[in-house]
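This chain uses plain numbering: 1 for the first residue, then up along the sequence.
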Amino acid sequence: MRFFLVEISRAVFIFILRLLTACRSRWTVQLDPSKQKIYFANHGSNLDFPVIWAAFPHQFRKVLQPVAARDYWNADAIR
């Protein structure tokens, strides 16, 4: 039951995020989940990771790990 609720929550979150940000993706190459990759945003927003995460197909969202550099989060008191 818990797994079902987590999956429903993720689907609702992605739907709302895509609705609010107009986030869309079109993959022109075959993605290989067995190979390690780094994806990054060129903006300093707290929505960067969720938007990138929502753009990926379902099987890739399961293995994505968000990271951020210490210099971003420790830059000032607001962050």
Side-chain angles (χ1 to χ4, degrees):
M1 181 67 175
R2 182 179 181 277
F3 177 76
F4 178 73
L5 293 175
V6 169
E7 289 299 314
I8 293 296
S9 299
R10 285 180 182 164
V12 169
F13 176 74
I14 290 169
F15 174 77
I16 292 170
L17 187 65
R18 287 179 177 176
L19 183 69
L20 293 175
T21 64
C23 167
R24 299 290 179 264
S25 61
R26 180 178 50 182
W27 298 100
T28 58
V29 296
Q30 184 67 19
L31 299 174
D32 183 3
S34 67
K35 293 184 180 178
Q36 204 173 46
K37 298 165 200 66
I38 297 175
Y39 296 94
F40 63 92
N42 61 355
H43 189 265
S45 166
N46 288 332
L47 280 179
D48 285 345
F49 174 73
V51 170
I52 292 172
W53 181 75
F56 277 87
H58 178 70
Q59 68 269 23
F60 288 93
R61 287 194 302 263
K62 292 180 179 182
V63 295
L64 287 175
Q65 298 295 318
V67 295
R70 178 182 283 181
D71 62 337
Y72 173 78
W73 293 109
N74 294 339
D76 57 32
I78 294 174
R79 291 186 195 163

Participant: Is there a path of hydrophobic side-chain contacts, each under 4.5 Å between heavy atoms of I/L/V/M/F/W/Y residues, joining Phe13 to Val6?
Facilitator: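 No, no single cluster joins them.
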Participant: Under the side-chain contact (heavy atoms from CB on, under 4.5 Å) rule, collect the residues that match up with Ile8, sequence neighbours excluded.
Facilitator: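 Only Phe4, Val12 meet the side-chain contact (heavy atoms from CB on, under 4.5 Å) criterion with Ile8.
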Participant: Check Leu17 against Pro50 and note the closest heavy-atom contact, atom names and distance.
Facilitator: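 Leu17 and Pro50 have their closest heavy atoms at CD2-O, 3.0 Å.
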Participant: Please report the shortest heavy-atom distance between Val51 and Thr21, naming the atom on each side.
Facilitator: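 The pair with the smallest heavy-atom distance is CG2-CG2, 4.1 Å.
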Participant: How long is the span from the CD1 atom in Ile14 to the CH2 atom in Trp53, to the nearest 0.5 Å?
Facilitator: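 Reported value, rounded in 0.5 Å steps: 4.0 Å.
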Participant: What are the two closest non-hydrogen atoms of Ser25 and Ala55, and how far apart are they?
Facilitator: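 Taking Ser25 first and Ala55 second, the nearest heavy atoms are OG-O, 2.6 Å.
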Participant: Tell me the salt bridge (Lys or Arg N to Asp or Glu O under 4.0 Å) pairs involving residues 10-22, sequence neighbours left out?
Facilitator: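 Residue pairs with at least one partner in residues 10-22: Glu7-Arg10.
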